[in-house]
Amino acid sequence: MLEIEIDGKQLAVEDGSTVMDAATQAGVYIPHFCYHKKLSIAASCRMCLVQVEKAPKPLPACATPVTAGMKVWTRSEAAIKAQKGVMEFLLINHPLDCPICDQGGECQLQDIAVGYGGVTSRYQEEKRVVFNKNLGPLVSTDMTRCINCTRCVRFTTEIAGEMELGQAFRGEHAEIMPFIEKTVDSELSGNIIDLCPVGALTSKPFRFSARTWEMSRRRAVSPHDSLGANLIVQTKHDVVMRVLPYENEELNECWLSDKDRFSYEGLNSDERLTTPQIKQGGEWKAVDWQTALEFVANGLAGVARDHGGEAIGALASPHATVEELFLLQKLTRGLGSGNVDFRLRQSDFRADAARAGAPWLGMKVAEVGELNRLLVIGSFLRKDNPLLAQRVRQAARRGLHVSVVGPTADDWLLPVRQRALVAPSAMVDSLGQIVVALAAEKGAEVDALLRDRLPAQAGDEARAIAASLASGRKVAVWLSNLAVQDRRAAELQQLANEIARLCGGRAGVIGEAANSVGGYLAAALPSAGGLDARGMLEQARKAYVVLGAEPDLDFANPALTRAALGTAQLVVALSAFDAESLREVADVMLPVAPFAETSGTFVNCEGRAQSFVAVARPQGDTRPAWKVLRVLGNLLALPGFDYQDSEAVRDEALAGDIATRLDNRVGEIAPFAVVPATCERVTDVPIHFADPLVRRAPALARSRDAAAPVARASAATLAALGVEAGARVRLAQEGGRVDLAIVADDGVAAGCVRVPAAHPATAGLGAMSGAISVERI
Amino acid sequence: MLSQESLQQIDREVAKYPPEQKQSAVMAALRIAQVEKGWLANETIEFVANYLGMPPIAAYEVASFYNMYDLQPVGRHKITVCTNLPCALSGGVHAAEYLKEKLGIDFNETTPDGLFTLKEGECMGACGDAPVLLHNNHRMCSWMTKERIDQLLAELGGK
Amino acid sequence: MILAGCDGDRSWRLQDYLARGGYAALKKIVAEKIPQETIIAELKTSVLRGRGGAGFPTGLKWSFMPRSFPGDKYLACNSDEGEPGTFKDRDILRYNPHSVIEGMAIAAYAMGAARGYNYIHGEIFEIYQRFEEALEEARAAQLIGQNILGSDFSFELFAHHGYGAYICGEETALLESIEGKKGQPRFKPPFPASYGLYGKPTTINNTETFASVPFIMNMGGEGFLNLGKPNNGGMKLFSVSGHVNRPGNYEVPMGTPFAELLEMAGGMRGGRKLKAVIPGGSSAPVVPAGIMMDCTMDYDSISKAGSMLGSGAVIVMDETTCMVKALERLSYFYFEESCGQCTPCREGTGWLYRVVHRIEHGLGRPDDLDLLNSVTANIMGRTICALGDAASMPVQSFVKHFGDEFMYHIENKKCLVPPEVQYAGSQIYVSPSC
Ligand SMILES: Cc1cc2nc3c(=O)[nH]c(=O)nc-3n(C[C@H](O)[C@H](O)[C@H](O)COP(=O)(O)O)c2cc1C
Ligand code: SF4
Ligand code: FES
């Protein structure tokens with residue numbers, strides 16, 4: 001610690017701090033533009049100049065290290081003079097267009113200029129004009145306003161991991177730009193809007209729609225991935241106008257993924273379902289809530305009466321809230337059915353009987369930065385969980401070694417030290433080899449449950465991964481979406497646990513959705529003897545309740561789902577959207593509130609329960625789903641449906657200490673008969689199609705990440721299949737076929753074809769994992 | 001995209017730097033590419049960036065920062081005259097004026113036959129030899145009296 | 001010294017350098033395993049001050065390199081000579097490149113650096129090619145490379161060619177440029193001695209500084225110091241340009257009277273009257289004739305006259321020079337060459353140029369001189385690198401010493417120097433000796 005003085009205040013700061021750090025600690029504000037606590041130090045705007053004892057010149061606070069006994073004045077005559085001088089320079093070429101600038105009211109330049117700018121400009125020469133750039137559908141530019149602080153450039157390079165912006169030319173001609181004709185395609189691109197201290201980079205979807213002071217702002221939690229990013233939602237007349245990050249150092253820091261930030265546009269989609277509807281004689285008819293609810297209650301009661309409660313199945317989205325999931329399972333069980341599930345894209349449920357608790361990340365999100373070894377299994381990390389990927393990227397800069405097992409080698413924009421690029425069906429073997437190598441390395445015994453199932457020998461890749469993990473101080477082993485959705489997910493979990501145990505690390509599951517942990521805690525799971533998500537569809541039920549999901553896009557096997565729902569006697573859909581695939585199979589559609597229009601709770605991957613309130617009034621006749629389910633419970637005269645508010649539901653659902661209910665361990669797993677396939681499907685869920693809300697956000701739909709799907713296979717696999725790169729092919733699986741273009745991608749494991757799910761173009765296919773055939777057309 | 005010979009030259013430059021610092025060779029690689037292509041089109045810059053495993057915009061930053069790269073097509077002969085003060089004191093500006101008159105173009109223009117482009121240069125570190133000019137970046141011509149300018153242009157195929 | 005006995009065609013060859021006694025110092029050091037401290041101490045005794053402009057004592061700079069740093073340390077030679085008026089490094093590389101190579105090898109030995117780069121100014125491609133050839137010769141003779149002269153001392157040396165950016169002469173911009181980036185200076189601290197090329201400890205010296213090292217090793221620090229005057233050791237190359245009869249490089253002892261140097265350069269062209277001199281490269285403050293004629297050419301004397309010895313570029317201007325026009329050209333240079341990174345320089349250099357340009361074109365305003373002084377005050381000392389100061393000092397000194405001429409322009413919308421006289425000294429002029 002060093003003793004120093006700032007503006008007469010004595011304080012002790014850590015060695016290696018800068019004057020800016022010290023000032024922050026002392027609660028002293030020093031004006032600045034280029035400095036940002038999450039970015040490298042540029043020290044180029046010179047706004048933070050301060051006076052330092054014995055220094056002949058003013059020094060930039062952001063870059064000047066403190067020394068023992070240093071005396072700093074941030075508001076002395078010399079300091080103010082320097083700051084005003086810089087302010088004048090910043091303004092000489094800055095347009096005076098605040099009245100028409102979207103940044104107006106939240107502009108650092110404007111704010112600081114009020115304090116430091118002169119009254120009139122001494123600069124009488126012509127001002128610089130800079131041409132605007134096309135950065136894509138999300139970020140709008142007014143480059144003449146740019147003050148060259150390079151925050152956006154440093155963000156793309158350092159945080160997003162790929163230099164998509166640069167400062168070209170030099171001197172007064174310096175311009176921030178992407179490489180000619182390129183856009184900024186990072187899944188984190190929207191953060192440059194927040195970082196830009198002036199109005200040079202603003203939100204394209206939001207552009208000119210409201211002024212900051214006209215909007216009310218409330219906190220919320222992102223309903224998308226499992227990180228649980230904290231949001232500020234801004235509304236005007238009950239319409240969500242904009243979403244910004246609410247800084248939470250332990251989760252999203254000051255960032256948001258583009259999905260978190262721009263999905264709100266889907267709230268105003270034309271496809272919103274705003275009135276209850278009943279299908280009569282093949283025709284949809286809008287009805288009032290009373291009619292609809294009675295129809296549903298009578299229908300469900302009738303099926304239970306005629307066919308027994310187990311003829312009813314309830315399928316809910318993992319993006320539903322704890323309250324919704326809890327009431328749905330309570331309702332289902334009340335009707336005498338144990339068939340409830342929220343894990344719609346999973347296909348292996350063998351672990352259910354042997355689980356010690358809810359699968360979770362196994363650590364706090366904030367602890368990711370401390371890891372020094374990490375094995376990620378079956379992941380599209382950047383797209384599965386962009387901000388977690390960002391944390392891993394930062395940790396990798398500080399020395400974290402990342403190893404990967406899985407069927408794809410997408411660029412995560414971070415160094416991957418070891419990679420086993422294997423088909424999904426070979427992941428179990430691959431992990432088994434790592435267990436073998438690790439046990440040998442550590443001279444340890446393998447868990448008795450696994451001993452007989454392991455491969456005899458470990459290959460080079462497995463040994464390299466094992467060696468990396470064995471040398472770790474803080475190790476984690478994560479299963480990501482593709483692993484969790486795999487046909488042998490249970491064994492993958494078991495093996496991941498064993499790897500973690502052998503190297504003294506922690507096993508974790510990243511989790512697909514905002515409430516992947518919460519669903520377990522809310523008991524939205526099959527009862528003993530009940531059917532899981534797959535069982536309910538394979539053994540078709542007479543009646544289904546579907547909450548927040550679309551049959552063709554949100555399930556592990558769209559063909560199977562459509563078939564099962566299509567033949568049911570009654571399908572009740574609770575949905576915010578009037579989706580075509582729901583119209584086809586449902587008998588009644590109830591408009592329930594999406595994100596922002598309901599209160600609720602999500603439990604994120606680290607087991608943190610985050611509750612939120614509604615920030616906007618539900619559109620049309622939409623009602624919060626928890627209220628709809630409560631009324632249904634009442635109509636069906638089920639006990640325990642007298643909640644006053646959603647908090648009461650939550651308190652019952654999450655009673656007790658959550659931490660004690662999180663546990664990744666699994667016991668014995670029944671063996672799985674592997675049917676060899678000549679060609680295996682590898683399935684990703686494209687980031688901007690993952691859930692019903694985001695896939696209706698128009699700006700995101702124009703992003704690079706929302707490009708039309710193509711099939712991908714390595715050049716060698718293409719040759720073996722006898723198809724040419726770029727050709728159109730017919731992909732067929734049990735249950736369906738689609739035609740798609742196929743491209744060469746050596747980042748796909750041999751013998752595999754990568755075909756995205758969750759997209760209308762591939763919804764005609766079957767299971768997300770397993771055999772697929774490819775034929776030239 | 002680039003000839004085998006250029007690629008070999010680039011490889012030689014890459015070898016000057018530690019293996020994980022290929023980007024260090026970008027200035028040389030752009031120079032070599034420009035010599036082959038005459039100027040640096042975006043595709044050329046992107047090719048060089050990919051060849052060295054660096055982001056294209058980082059290569060573009062370099063190409064647009066240093067004066068001697070041409071991001072626009074230039075004539076077969078680019079003539080850059082130093083007009084900085086020390087040269088100006090010994091006729092640098094006059095030499096430039098003479099060239100403008102002879103070629104019938106201003107700075108940053110190219111003759112209609114595509115033969116000559118004239119540029120104004122900054123100090124070339126040869127002030128004692130003023131007036132000085134550069135021919136196609138790599139050949140320095142000193143003491144450029146009117147007669148010597150006439151000679152040079154004749155040699156290069158002008159009037 | 002460095003250029004003594006060197007001429008056009010052959011002096012740059014290894015054979016010739018060896019014949020002049022070249023590489024004797026390196027051979028001796030390697031053969032006798034002379035301790036690193038001894039070499040640095042010798043340099044300190046010589047009071048060799050950096051020839052790149054700042055005049056920092058070289059021995060002291062070398063002693064900053066961390067001794068026990070594990071891993072690579074680097075050396076960089078600054079041959080980016082772009083300071084208007086300076087053209088000495090080009091001649092050193094052209095006529096005596098091996099003196100630089102030897103100097104760098106000795107430096108590498110003294111500081112434990114394993115690799116070095118010579119950053120060569122973009123516009124002198126032919127010199128870069130020649131230097132590459134000289135490197136080949138030295139490598140073939142085992143004077144650089146692995147196990148130099150059969151010892152366990154290794155030093156790899158390469159040439160890096162610039163491509164037209166004055167700012168790369170600034171040492172940290174130079175490092176960025178070697179790293180394959182834009183030449184934008186880094187904020188210091190950390191200094192290159194702790195965080196330099198690729199983040200490793202690095203020492204940067206000017207070409208002439210390195211070239212002086214073998215001579216110091218041969219004649220001893222004391223001997224070198226005595227060539228010049230106390231605190232200003234050795235000989236120095238002065239690049240004399242402008243209105244003199246024989247522009248060129250003159251290597252003279254430190255402390256030589258300016259008048260003598262002017263005489264060596266053939267005196268004033270056409271017998272015209274000296275008006276002003278910029279004694280240390282375009283960034284140095286201009287000095288009116290009267291004051292200059294009393295100076296000796298060394299750091300201390302020039303500094304007393306209110307200017308800097310800088311890189312030793314002496315720009316001589318006679319009475320036919322319009323000072324407004326001269327400053328306009330210099331201001332344009334700094335405006336064009338600002339790297340664009342920090343606000344005061346990026347915005348301020350353009351402002352300065354535009355105001356001077358306006359004055360020169362008869363659009364000046366009465367308060368423009370105050371404005372220039374105030375804008376320069378806002379730039380100076382507030383930028384990342386010294387280019388901000390370099391752009392400001394000419395403006396301040398021109399306005400200070402030749403304010404009347406500026407006011408005349410503003411009031412009369414024309415030059416104080418009568419048009420018929422103007423440029424008389426600046427016609428295309430080729431020294432008879434060339
Ligand atoms: C804008 C600017 C330009 C410079 N140009 C040069 C140059 O062309 N050559 C040079 O040797 N030093 C130049 N310098 C000085 C270098 O930064 C550095 O001080 C020098 O190379 C150190 O070598 P020395 O100690 O041997 O003088 C420049 C400095 C600045 C701020
Ligand atoms: S002073 Fe000028 S040249 Fe130096 S870093 Fe700042 S902007 Fe760049
Ligand atoms: S905030 Fe310190 S220089 Fe920009």
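In what follows, every heavy atom counts, from backbone to side chain, and hydrogens, waters and symmetry copies are set aside. Throughout, protein chains are lettered first and strands after them, A, B, ... in sequence-line order, and every chain is numbered starting at 1. Keep in mind it's a predicted model, so treat the numbers as computed, not measured.
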Under 4.5 Å from any heavy atom of chain C, what part of B/Ala28 do you find: side chain, backbone, both or neither? neither
Report which part of C/Tyr117 has an atom under 4.5 Å of a heavy atom belonging to chain B: side chain, backbone, both, or neither. side chain
Does atom CZ of B/Arg76 have more than 12 heavy-atom neighbours, drawn from other residues, nucleotides or ligands, at distances under 6.0 Å? no
Side chain, backbone, both or neither: which part of C/Ile178 has a non-hydrogen atom closer than 4.5 Å to chain B? both
Tell me yes or no: between the side chains of B/Tyr51 and B/Asp11, is some donor less than 3.5 Å from an acceptor? yes
Report which part of B/Ser64 has an atom under 4.5 Å of a heavy atom belonging to chain C: side chain, backbone, both, or neither. neither
Using heavy-atom distances under 4.5 Å, tell me whether B/Met27 contacts chain C through its side chain, its backbone, both, or neither. side chain
Parallel, tilted or perpendicular: ring planes of C/Tyr423 versus B/His94, cut at 30 and 60 degrees: perpendicular
Quick one: what part of B/Ala95 sits under 4.5 Å from any heavy atom of chain C, side chain, backbone, both or neither? both
Option in C/Tyr163, C/Phe87, C/Phe333 with maximal non-hydrogen atom pairs under 4.5 Å from chain B: C/Tyr163
Part of C/Thr86 lying under 4.5 Å from any heavy atom of chain B: backbone
Is the centre of the C/Phe238 ring less than 6.0 Å from the centre of the C/Tyr250 ring? no
Any donor-acceptor N or O pair under 3.5 Å, side chains C/Ser426, C/His243: yes
Under a 4.5 Å heavy-atom cutoff, which of C/Lys182, C/Glu126, C/Lys181, C/Arg115 has the most pairs with chain B? C/Lys182
Heavy-atom distance under 4.5 Å to chain C: side chain of B/Tyr98, backbone, both or neither? neither
Is it true that atom CD of B/Glu20 has more than 12 heavy atoms of other residues, nucleotides or ligands lying nearer than 6.0 Å? yes
Under 4.5 Å heavy-atom distance to chain B, tell me which part of C/His161 shows up: side chain, backbone, both or neither. both
Chain C heavy atoms under 4.5 Å from B/Met144: which part of the residue, side chain, backbone, both or neither? backbone
Does the pair C/Glu81/C/Arg94 count as a salt bridge with the N-to-O cut at 4.0 Å? no
Could you tell me how the ring of B/Tyr66 sits relative to the ring of B/Tyr69: parallel (under 30°), tilted (30 to 60°) or perpendicular (over 60°)? perpendicular
Using a cut-off of 6.0 Å, state whether more than 12 heavy atoms not belonging to B/Lys16 lie near its atom NZ. yes
Under 4.5 Å from a heavy atom of chain B, the part of C/Glu132 involved: side chain
Atom group of C/Glu83 that falls short of 4.5 Å from chain B, counting heavy atoms: backbone
What part of C/Thr321 lies closer than 4.5 angstrom to a heavy atom of chain B: side chain, backbone, both or neither? side chain
Between B/Glu13 and B/Lys22, does at least one N-O distance fall below 4.0 Å, as a salt bridge requires? no
I want to know whether C/Tyr128 and C/Phe125 have ring centres closer than 6.0 Å. yes
Comparing C/Ala159, C/Ser241, C/Gly183 against chain B, the one with the most heavy-atom pairs below 4.5 Å turns out to be C/Gly183
At a 4.5 Å cut-off on heavy atoms, which part of B/Glu120 comes close to chain C: side chain, backbone, both, or neither? side chain
C/Asp89/C/Arg51 ion pair, N-O < 4.0 Å: no
Going through the distances and angles, do C/Leu330 and C/Ile278 end up as a side-chain contact (heavy atoms from CB on, under 4.5 Å)? CA-CA 12 Å; C/Leu330 289 182; C/Ile278 303 178; 4.0 Å; yes
After noting the C-alpha distance and the side-chain angles of C/Met323 and C/Val417, does the key distance pass the side-chain contact (heavy atoms from CB on, under 4.5 Å) rule? CA-CA 9 Å; C/Met323 296 313 262; C/Val417 183; over 6 Å; no
Top of C/Lys88, C/Met317, C/His160, C/Glu328 for chain B proximity - count of heavy-atom pairs under 4.5 angstrom: C/His160
Looking at C/Ala165, C/Gly162, C/Gly85, which makes the most heavy-atom pairs under 4.5 Å with chain B? C/Gly85
Of C/Tyr332, C/Tyr429, C/Tyr198, the largest count of non-hydrogen pairs under 4.5 angstrom with chain B goes to C/Tyr198
Is chain C contacted by the side chain of B/Ala63, its backbone, both, or neither, given a heavy-atom distance below 4.5 Å? neither
If you count heavy-atom pairs under 4.5 Å between each of B/Asn84, B/Val93, B/Leu85, B/Val26 and chain C, which one has the most? B/Asn84
What part of C/Val316 gets within 4.5 angstrom of chain B, counting heavy atoms only: side chain, backbone, both, or neither? backbone
Counting only non-hydrogen atoms closer than 4.5 Å, does C/Phe158 touch chain B with its backbone (N, CA, C, O), its side chain (CB onward), both, or neither? side chain
